[in-house]
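In what follows, chains carry the letters A, B, and so on, assigned in the order in which the sequence lines appear, proteins first and then strands, with residues in each chain numbered from 1.
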Protein chains: 2
Amino acid sequence: MKNIRIKDIALKAKVSTGTVDRVLHDRGNVSEKVREKILKIIEEMNYEPNFMARALGTKKVYHFAALIGDPGVDGYWNDPKTGIEKAAREARQYGVEVSLFIFNPYDADSFVKKAEEVTAANPDGILLAPMFYREVIPFFQIWKEQEIPFVLFNTQIPEFDPLSYIGQDSYQSGMVAGKLIHFGNPQPPSILVAHIDEEISNSAHLTKKEQGLRNYFAQNNLNHHYEIIKAELNRSNYAKFVEQLDTIFEGNPQIQFCFVTTSKAHEIAKYFEQKFITHIKIIGYDLIPQNLYYLNKGLISFLINQNPLGQGYWGINQLIDHLVFKKEISAVKFLPLDIVTKENLNYYIDESMLYNRL
Amino acid sequence: MKNIRIKDIALKAKVSTGTVDRVLHDRGNVSEKVREKILKIIEEMNYEPNFMARALGTKKVYHFAALIGDPGVDGYWNDPKTGIEKAAREARQYGVEVSLFIFNPYDADSFVKKAEEVTAANPDGILLAPMFYREVIPFFQIWKEQEIPFVLFNTQIPEFDPLSYIGQDSYQSGMVAGKLIHFGNPQPPSILVAHIDEEISNSAHLTKKEQGLRNYFAQNNLNHHYEIIKAELNRSNYAKFVEQLDTIFEGNPQIQFCFVTTSKAHEIAKYFEQKFITHIKIIGYDLIPQNLYYLNKGLISFLINQNPLGQGYWGINQLIDHLVFKKEISAVKFLPLDIVTKENLNYYIDESMLYNRL
DNA sequence: TAAATAAATGTGTACGCACACAACTGTCTA
DNA sequence: TAGACAGTTGTGTGCGTACACATTTATTTA
């Protein structure tokens, strides 16, 4: 049997397609009696709209805004940007236009300024990485009032019911790191947790990662058997950065693992390379080129990754599904939490592949 | 500027849309002069067909056949099946119908029988897991003659240029296992490689996995420093199966890791549980419920997985893109080679599956 | 009760493409 | 020179939906 069309419903309800259309879109001007009858038939016949026809017929141009960090400042943002651009390219057919608003990920003021620009542009939908909690809240309220749906990624802020959140689970990724370390050394390990280049007070995700790591050991009843040394480092003064590392590693020769909570694992790897340190294993985040270099060299053991490219891609697609195709979309979309090593790396960096997730 | 339509090209070339259509689809009956002129304009204007309109206009029903293993016989096949069904559901709109042909993955005759049924059904496209090399070749030839495109997944057979291959890289997955083992024990490890329930001569992928493991150590110049004990086991006689395991583990107390090349890691885990063996770490394949059970219990350390659900899903979608949307598709589509552990498991499985019991 | 108004319903067209069919061109033959 | 014919080219319709607009029906007002 063929697909049910509006026409079929109209026929069965002995009304015109226009009336069915009004019911489907809640445009009013339909008597309650007819309305209910039609709704019942829609239910019965299991009508599903044809998205192709729907998209074809509408000439509306959708304007989306994407508010993300500057890849020039932090290479991490290259991937979300690429994903957003790919989604934008694919969606041009449906009259979707995506404008990028790039802020400095280390500067809350820059974020606010760009968020204001987004608001001024009055887009039909917004995708953003709400990195600065305090600063973003007022914008959520404005967008709510203006009924502009927004999708979050990278950082979760559930309190202001966004249209959707594209998952990135910092806490759980810390647990994964714990598992890897534990697997790598069943004996009580000694771990350096390095927060590099980000203010910990400002970035909840760093703390969450550390918490995840700690809780891995706690939950596995290993809490008395490990040592975690915590360091906040900053490369702005490189000499001092190296000096700090010297102090840490010379003072703690027992350290076996280094868990870097930002995308700066390559800095530790570089340091190890220069100092000929080979016995400490590094676990870090994000498949940025510098990290991949040291992953391939064997200085970094694992990179943990939650598909930032896919986050951008699916973020835009959530908006498209909602606004263009008027589909129901899920409030949270989690992407796989990948453990990437030299050996499976190839399957994570081929760009085309990153979208092949369900 | 809006998207370029056939009409725009026709206008510019001072011909009708029909002529442009004939050129686009190589239907002939166009003078060479006009043909070239139109082709040039198409190039210049950067025409991209509107897939929605294209799919909407055609009322053709596409009949696809999917030839896969029986999930009842080997639970592994549940995932590809689910993926195929999901793709089929999504594509019903475009007039795509997918029929499943289920064979016994341990029985070549059953495969042949079902492949014959597929041929008899004369589908527009075929997705299959060509498990039995020798048996599948004649069918490739038949389908080639009948010009039925086929997409392979699960097992790669490049020689007969399928429309596309959905990647699954057994060799590389063995390398990943090697990496994990090496990370878990930097000292020369002692490893049991267990091939369970499949005839090794019949299934190239088992050998490839083992090769990958061995080559990891070889490539890292560790080849003299490890020990690999190989075992082919079969559960058909369960008492004997246990007896064999007894012999292996009692005779080789030095074994620290067990690498199971099939989806039967849970059998080893069950054995360890019964025998209170806790010091040997298991690495296996596939997120089937039995494996997940022991992964969560901590008896299995890692499961390696190349998204079988996605393989089914993207396999069908390759056929759809090719036949329905007439897009160019890639000859090989690789899916990420995932390392799954208790800690990131949630992000790899459908939630509903979490509640599955043994 | 006719006219005015509001509410409910029906009709027609565009979206971009594919394809069937109609119409035109020029050449060759009887 | 009309007719046949192959080689070209043009036209029209349907796909399912959204939406503007036209039409009908019911209700109120003068």
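- There is a side-chain donor-acceptor pair under 3.5 Å between A:Asp338 and B:Tyr348.
- Note: A:Phe111 and A:Phe139 have perpendicular aromatic rings, judged against thresholds of 30 and 60 degrees for the angle between ring planes.
- A:Arg5 has its CZ atom 7 Å from the P atom of D:dC15, to the nearest Å.
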Atom pairs and distances, donor-acceptor, side-chain atoms in residues 25-40 of chain A, under 3.5 Å, two or more places apart:
{"residue": "A:His25", "atom": "ND1", "partner": "A:Asp21", "partner atom": "O", "Å": "3.1"}
{"residue": "A:His25", "atom": "ND1", "partner": "A:Asp21", "partner atom": "OD1", "Å": "3.3"}
{"residue": "A:Asp26", "atom": "OD1", "partner": "A:Arg35", "partner atom": "NH1", "Å": "3.2"}
{"residue": "A:Arg27", "atom": "NE", "partner": "A:Asp21", "partner atom": "OD2", "Å": "3.4"}
{"residue": "A:Arg27", "atom": "NH2", "partner": "A:Asp21", "partner atom": "OD2", "Å": "3.0"}
{"residue": "A:Ser31", "atom": "OG", "partner": "A:Val34", "partner atom": "N", "Å": "3.4"}
{"residue": "A:Lys37", "atom": "NZ", "partner": "A:Ala13", "partner atom": "O", "Å": "3.2"}

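- Side-chain atoms of B:Arg92 and A:Asn3 form a donor-acceptor pair, as typed in the model, at a separation below 3.5 Å.
- Contact annotation: B:Thr19 side-chain N/O to D:dG10 OP1/OP2 distance is under 4.0 Å.
- B:Gln311 and B:Gln168 form a side-chain donor-acceptor contact under 3.5 Å, judged by distance and modelled atom types alone.
- B:Asp8 has its CG atom 8 Å from the P atom of C:dC17, to the nearest Å.
- Side-chain proximity of B:Asp21 to C:dG12, D:dT8, C:dA18: nearest is C:dA18.
- The distance from atom CZ of A:Phe51 to atom C1' of D:dC15 is 17 Å, rounded to the nearest whole Å.
- Picking from D:dG16, D:dA18, C:dT11 the nucleotide with the shortest atom distance to the side chain of A:Ser16 gives C:dT11.
- The side chain of B:Arg54 sits closest to C:dA18 out of D:dT9, D:dA18, C:dA18.
- Contact annotation for A:Asn50: backbone-only contact, meaning every heavy-atom pair under 4.0 Å involves sugar-phosphate atoms and none involves a base.
- With rounding to whole Å, B:Leu24 atom CG is found 12 Å from C:dG16 atom C1'.
- Note on B:His25: every side-chain N or O is 4.0 Å or more away from OP1 and OP2 of C:dC19.
- Among the nucleotides D:dT17, D:dT9, D:dT11, the one closest to any side-chain atom of B:Arg22 is D:dT9.
- With rounding to whole Å, B:Leu56 atom CG is found 12 Å from C:dA14 atom C1'.
- Of the two residues contacting DNA chain D, namely B:Val15 and A:Glu48, the nearest-nucleotide position lying further toward the 5' end is that of B:Val15.
- Residue A:Arg27 is in sugar-phosphate contact alone, with no base atom involved, counting any heavy-atom pair closer than 4.0 Å across all strands shown.
- One finds a side-chain N or O of A:Tyr47 lying less than 4.0 angstrom from the OP1 or OP2 phosphate oxygen of D:dT17.
- A straight line from NZ of B:Lys33 to P of D:dT9 spans 8 Å, rounded to a whole angstrom.
- Ranking D:dT9, C:dT9, D:dG16 by closeness to the B:Ser31 side chain, first place goes to D:dT9.
- At the heavy-atom level, B:Ile6 lies under 4.0 Å from the strands shown only through sugar-phosphate atoms.
- Using a 3.5 Å distance cut-off with no hydrogens or angles, the side chains of B:Asn307 and B:Tyr313 do not pair a donor with an acceptor.
- Residue A:Lys7 contributes atom NZ, which lies 13 Å from atom C1' of C:dT11 at whole-angstrom precision.
- Between the NZ atom of B:Lys37 and the C1' atom of D:dT9 there is a distance of 13 Å, given to the nearest Å.
- Closest approach to the A:Pro49 side chain among C:dT9, D:dT9, D:dT17 is made by D:dT17 (side chain taken as heavy atoms from C-beta onward).
- Out of D:dT9, C:dT9, C:dC17, the shortest distance to the side chain of B:Val34 is found at D:dT9.
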